[in-house]
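Reviewing the structure listed below.
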Amino acid sequence: MNTVSPMKKFAENLNYLRINRGISQGELAERISVSEKTIMRYESGNFNPKMNIVVSLADALNVRVDDFFNDNLSQESMMDGFKIKGVTECFSDLNYREGFKIPETLSHSIKEQTVDRLLKIKELYDLLNVNVKFNNPLEKQKPVKSKEDAQKAAIKVRKKWNIGNSPILSVVTTLENQGINVIELEAPEEFEGLSAYVNDIPIIVLNKAIKEKTRRRFTALHELGHLILTIHDDLDVNAIERICDAFAATMLIPKELLILELGEKRSRLSQNELKSLKEKYGISVKAILVGAAYSKIIDWEEYHERKNDLVGLGEYEGKEQATKFHQLVYRGIVEGQISQGKAKYFTGMSSRIFNSTIKEAYG
């Protein structure tokens with residue numbers, strides 16, 4: 001049952017539609033010949049405009065009058081604007097490209113969970129007056145045609161993001177700091193990750209069921225490749241996936257760094273070396289071997305001989321969890337900008353877990 005009054009719903013939707021179109025309150029006021037203070041009163045829900053003003057607002061925002069009173073406007077808008085760029089899968093029947101499909105029920109569930117989190121993110125950022133803007137570091141890059149192009153693109157991203165030749169301690173934190181929304185959700189294990197733009201908001205979705213950290217790191221960067229690379233139109237699905245794999249591997253450990261660690265030419269790599277690199281750079285042994293083969297440090301015969309024998313070797317100890325959203329929630333509590341009740345709504349925690357978390361954090 002809807003408990004929101006029509007006036008309150010109008011105020012919420014007016015605010016959402018204005019922000020979604022990148023128009024300030026002052027600009028909207030100028031378009032319909034009223035004061036900025038009047039727009040503020042409309043959006044506060046404390047003042048009900050006459051119908052001729054509602055029509056003028058709809059014209060100014062290029063929306064329908066009915067949109068101001070739609071109970072599910074935000075959800076519908078985001079669902080309609082959900083443009084998937086890539087999907088990482090464990091099994092061959094789960095892809096998202098021409099000729100491949102995600103099962104419809106899984107796709108809808110992922111979209112619903114993602115949109116729910118994005119709505120909370122937008123609401124939280126608005127309450128805290130936080131403005132996070134994403135700038136694609138490869139926006140003017142030429143279309144990528146090969147793995148070599150992808151590796152060069154990854155080096156460029158590392159430079160622009162000031163990573164240099166250092167290991168990436170947390171891929172998820174790095175992405176969040178660059179304005180990419182990383183959303184973790186529950187899904188069947190055959191689904192690993194997804195990238196999309198939702199009304200131009202960049203997101204990467206990761207499956208909580210995937211516990212192996214090197215897989216999560218590689219998946220996140222593979223999906224980053226789908227998100228920011230401009231890939232040549234002539235390439236097929238498999239070629240695109242290989243390009244995003246090459247991009248992810250280079251983001252984790254560039255060729256020059258791999259050569260520095262292993263040397264230029266080797267007949268064989270020791271288990272201790274591979275274990276050390278996995279633990280240092282958070283990349284799987286198989287991916288290290290692939291990189292070493294592509295870099296001609298070892299030959300492909302060595303790769304094929306050892307690729308399946310060292311799967312469980314070593315463990316990356318770094319944390320790979322999305323933390324920015326919760327950090328902002330706790331900041332809002334401390335600064336008195338949001339109530340604990342609102343914070344519990346944002347986090348989705350049960351009362352017991354939320355109260356325990358707050359007690360642990362603030363005593």
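- By the 30° and 60° cut-offs, the orientation of the rings of Trp300 relative to His304 is tilted.
- Within the 3.5 Å criterion, the main-chain N or O of Ile353 finds no donor-acceptor partner in the side chain of Ser356.
- Across every non-hydrogen atom of Lys208 and Glu186, the tightest pair is CD-OE2, 3.4 Å.
- One hydrophobic cluster, built from ILVMFWY side chains closer than 4.5 Å, holds both Tyr281 and Val157.
- Judged by distance alone, the side chain of Ser295 and the main-chain N or O of Ala292 form no donor-acceptor pair under 3.5 Å.
- Under a hydrophobic clustering in which Ile, Leu, Val, Met, Phe, Trp and Tyr are joined whenever their side-chain heavy atoms come within less than 4.5 Å, directly or via other members, Ile155 and Leu229 fall into different clusters.
- The CD1 atom of Ile180 sits 5.0 Å away from the CG atom of Leu224 when rounded to the nearest 0.5 Å.
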Exercise for the section: Carefully, step by step, assess Leu258 and Leu277 under the rule side chain to side chain contact (heavy atoms under 4.5 Å, CB included). Expected result: CA-CA 9 Å; Leu258 199 57; Leu277 288 181; 4.2 Å; yes

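- For the atom pair CD1 (Ile39) and CD (Glu27), the distance works out to 11.5 Å, reported to the nearest 0.5 Å.
- Looking at residues two or more places apart in sequence or on another chain, you find no side chain to side chain donor-acceptor pair (under 3.5 Å) involving Gln271.
- Looking only at distances, no side-chain donor or acceptor of Lys342 sits under 3.5 Å from a matching main-chain atom of Gln337.
- Scanning both residues, Ala150 and Ala246, for their nearest heavy atoms gives CB-CB, 4.3 Å.
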Can you list, pair by pair, the side-chain donor-acceptor contacts under 3.5 Å of residues 159-175, counting residues two or more places apart and other chains?
residue : atom : partner : partner atom : Å
Lys160  : NZ   : Pro137  : O            : 3.4
Trp161  : NE1  : Gln178  : OE1          : 3.2
Ser170  : OG   : Thr173  : N            : 3.2
Ser170  : OG   : Thr173  : OG1          : 3.0
Ser170  : OG   : Lys319  : O            : 3.4
Thr174  : OG1  : Ser170  : O            : 2.9

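- Every pair passing ring pair (Phe, Tyr, Trp, His ring centres under 6.0 Å) that includes a residue from residues 35-55 is listed here, sequence neighbours excluded: Tyr42-Phe47.
- When all heavy atoms of Lys8 and Ser44 are compared, the closest pair comes out as NZ-O, 4.4 Å.
- Counting all heavy atoms, side chain and backbone alike, Arg306 lies closest to Arg268 at NE-NH2, 3.6 Å.
- In this structure, Arg18 contributes its side chain and Ile23 its backbone to a donor-acceptor pair below 3.5 Å.
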Problem - side chain to side chain contact (heavy atoms under 4.5 Å, CB included) evaluation trace for Val130 with Arg331 - result: CA-CA 11 Å; Val130 171; Arg331 174 176 128 185; 3.4 Å; yes

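- Partners of Arg216 according to the side chain to side chain donor-acceptor pair (under 3.5 Å) rule, which considers only residues two or more places apart in sequence or in another chain, are Glu184.
- Side-chain atoms of Asn13 come within 3.5 Å of backbone N or O of Phe68 as a donor-acceptor pair.
- More than 12 heavy atoms of other shown residues, nucleotides or ligands fall within 6.0 angstrom of atom CD in Gln25.
- Environment of NZ in Lys255: sparse, with no more than 12 heavy atoms of neighbouring residues, nucleotides or ligands closer than 6.0 Å.
- Interatomic distance, Ile243 CD1 to Ile231 CD1, rounded to the nearest 0.5 Å: 5.5 Å.
- Taking the side chain as every heavy atom from C-beta outward, His222 and Glu192 never approach each other to under 4.5 Å.
- For Glu320 and Arg217, the salt-bridge test passes: some basic side-chain N is under 4.0 Å from an acidic carboxylate O.
- In this structure a side-chain-to-backbone donor-acceptor pair under 3.5 Å is missing from Asn15 to Glu43.
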Handout entry: Full working for side chain to side chain contact (heavy atoms under 4.5 Å, CB included) between Arg266 and Glu273
Key = CA-CA 12 Å; Arg266 299 284 300 277; Glu273 287 176 291; 2.8 Å; yes

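- Contact check on Lys275 versus Glu279 returns a salt bridge, with a Lys/Arg side-chain nitrogen under 4.0 Å from an Asp/Glu carboxylate oxygen.
- Met40 and Ile32 sit in two unconnected hydrophobic clusters of ILVMFWY residues. Membership requires side-chain heavy atoms under 4.5 Å apart, directly or through other members.
- In this structure, Leu257 CG and Arg158 CZ are separated by 6.5 Å, a value rounded to the nearest 0.5 Å.
- Screening residues 126-143 for side-chain hydrogen bond (donor to acceptor under 3.5 Å, both in side chains) gives Gln141-Lys156 as the qualifying pairs, with residues at least two apart or on separate chains.
- Applying the side chain to side chain donor-acceptor pair (under 3.5 Å) criterion to Thr230, with sequence neighbours excluded, gives no partner residue.
- Annotation: cation-pi pair Lys120/Tyr345 present, NZ/CZ under 6.0 Å from the ring centroid and within 45° of its normal.
- In this model, no donor atom of one side chain and acceptor atom of the other lie less than 3.5 Å apart for Gln151 and Tyr294.
- Looking only at distances, no side-chain donor or acceptor of Glu223 sits under 3.5 Å from a matching main-chain atom of Val205.
- Arg117 places no side-chain N or O within donor-acceptor distance of the main-chain N or O of Ile183, the cut-off being under 3.5 Å.
- Within the 3.5 Å criterion, the main-chain N or O of Leu185 finds no donor-acceptor partner in the side chain of Gln113.
- Between atom CG of residue Leu269 and atom CG of residue Leu289 there is a gap of 6.5 Å, rounded to the nearest 0.5 Å.
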Problem - Verdict with supporting geometry, His232 and Asp149, side chain to side chain contact (heavy atoms under 4.5 Å, CB included) - result: CA-CA 11 Å; His232 202 278; Asp149 290 343; over 6 Å; no

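- Of all heavy-atom pairs spanning Thr114 and Ile110, the tightest one is OG1-O, 2.7 Å.
- The hydrophobic clustering, which links ILVMFWY residues whose side-chain heavy atoms are closer than 4.5 Å, places Ile210 and Tyr316 apart.
- In this structure, CG in Asp245 is found 11.0 Å from CG in Leu221, a value given to the nearest 0.5 Å.
- Within 6.0 Å of atom CG in Asn52, more than 12 heavy atoms from other residues, nucleotides or ligands are found, so the atom counts as buried in its surroundings.
- Residue Phe218 comes nearest to Ala249 through the heavy atom pair CE1-N, 3.7 Å, listed as atom of the first residue, atom of the second, then distance.
- No chain of hydrophobic side-chain contacts below 4.5 Å, direct or via other Ile, Leu, Val, Met, Phe, Trp or Tyr residues, connects Leu17 to Met7.
- Looking at Lys9 and Glu12, their side chains come closer than 4.5 Å, going by heavy atoms from C-beta outward.
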